[in-house]
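We name chains A, B, ... by the order of the sequence lines, and we start the count at 1 in each one. All values below come from the heavy atoms of this structure, side chains included, with hydrogens, waters and symmetry mates left out.
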Amino acid sequence: MFRKIDYNSLSVQEATVLQKELKEEVIIAPYKGPIQYIAGTDISFDPFSTHVFAGIIILSFPDLQPVAYSLVKKEVHFPYVPGYLAFREVPALLDAWDQLKIIPDVTVVDGHGIAHPRRMGIAAHFGVQVDKPALGCAKKKLYGIYEEPTNEAGNYTILSDKQGAPIGSVLRTKTNVKPVFVSPGHRMDITDSRELIEKCITKYRLPEPTRLAHNIVNQFRVGTLQEGYSEM
DNA sequence: GCGACAG
DNA sequence: ATCTTGTCGC
């Protein structure tokens with residue numbers, strides 16, 4: 001196993017070294033076993049504030065009904081640098097994870113998994129830290145080459161790295177709506193991650209875990225929901 | 001040098 | 001990411 005990371009006062013250079021070390025812990029292989037609970041994570045913050053609001057919501061699967069959530073407010077100093085999102089958001093997500101009484105079988109993280117310059121996007125980083133299956137679902141591309149999938153819901157193309165190796169999928173979740181970028185983070189593969197996201201789409205562009213996580217985190221930020229763990 | 005650049 | 005009205009298109 002790797003050592004526990006001290007996320008305080010890390011430089012971008014040191015973060016790069018950590019990503020290369022953590023990369024060795026990532027497991028990309030077919031997912032095994034049933035799924036009873038699927039989680040969604042999200043972060044909300046004020047661009048001019050120094051803290052972030054993190055949340056994890058747990059949904060039953062495959063019916064996608066919310067059953068519990070965990071909310072945490074945390075001070076953050078690491079700056080937002082494309083490619084290093086995990087160092088800003090994972091610390092707070094790990095605190096939220098520690099409050100959970102129900103451990104999800106899979107977690108959908110807002111951002112990319114291995115579709116990253118060093119194959120260590122936030123979903124891979126988070127997945128390795130909790131050592132549970134995780135995948136990333138992002139609204140924009142960070143890294144990779146792809147062709148636009150056709151306009152019909154359900155169509156997708158493969159996102160590849162500069163050498164042509166597949167690193168994720170560009171999935172059209174709704175007809176005539178911008179696609180989302182899906183990639184495995186840990187303990188699952190490219191096909192698993194795409195198929196799982198497809199099963200989490202109802203009437204919106206974003207999968208329910210991500211959409212609902214975004215909702216509770218925003219309610220937390222404006223004061224409608226309180227910090228801590230709660231079942232629904 | 002120029003363009004790209006998760007949240 | 002967040003702050004916001006109207007507007008275009010299916």
Stems formed with participation of DNA chain C [Watson-Crick or G-U wobble, under 3.5 Å, three or more pairs] | none
Mark up nucleotides 1-7 of chain B, 5' to 3', with B wherever a protein heavy atom is under 4.0 angstrom from a base atom, S wherever such an atom reaches only the sugar-phosphate, and - elsewhere.
-> ----SBB
Sugar-phosphate, base or nothing in reach of N151(A), heavy atoms under 4.0 Å | nothing
Is any side-chain N of the basic residue among K132(A) and D105(A) closer than 4.0 Å to the acidic one's carboxylate O?
-> no
With sugar-phosphate meaning primed atoms plus P, OP1 and OP2, does H214(A) contact a base, only sugar-phosphate, or nothing at under 4.0 Å between heavy atoms?
-> sugar-phosphate
Before accepting this row, confirm whether a basic side-chain N of the pair E195(A)/K199(A) lies closer than 4.0 Å to the acidic partner's carboxylate O.
-> no
N/O (side chain, N218(A)) to phosphate O (OP1/OP2, dT2(C)) under 4.0 Å = yes
Just by distance, with hydrogens left out, do T224(A) and Q219(A) show a side-chain donor and acceptor under 3.5 Å apart?
-> no
Between F78(A) and Y84(A), what is the ring plane arrangement, given parallel below 30°, perpendicular above 60°, and tilted in between?
-> tilted
Tell me, please, whether Y80(A) has R88(A) positioned over its six-membered ring: NZ or CZ under 6.0 Å from the ring centre and within 45 degrees of its axis?
-> no
For dT2(C), take OP1 and OP2 only and decide whether either is under 4.0 Å from a side-chain N or O of S44(A).
-> yes
Look at the aromatic rings of F53(A) and H51(A) and report parallel, tilted or perpendicular, splitting at 30° and 60°.
-> perpendicular
Decide whether T50(A) and E75(A) meet the rule of one side-chain donor and one side-chain acceptor closer than 3.5 Å.
-> yes
D110(A) and T210(A): CA distance, side-chain angles, deciding distance, side chain to side chain donor-acceptor pair (under 3.5 Å) verdict = CA-CA 7 Å; D110(A) 62 315; T210(A) 302; over 6 Å; no
Does N176(A) or V217(A) map to a spot on DNA chain C nearer the 5' end, using the closest nucleotide for each?
-> V217(A)
In whole angstrom, give the distance that lies between atom CD of Q219(A) and atom P of dT2(C).
-> 13 Å
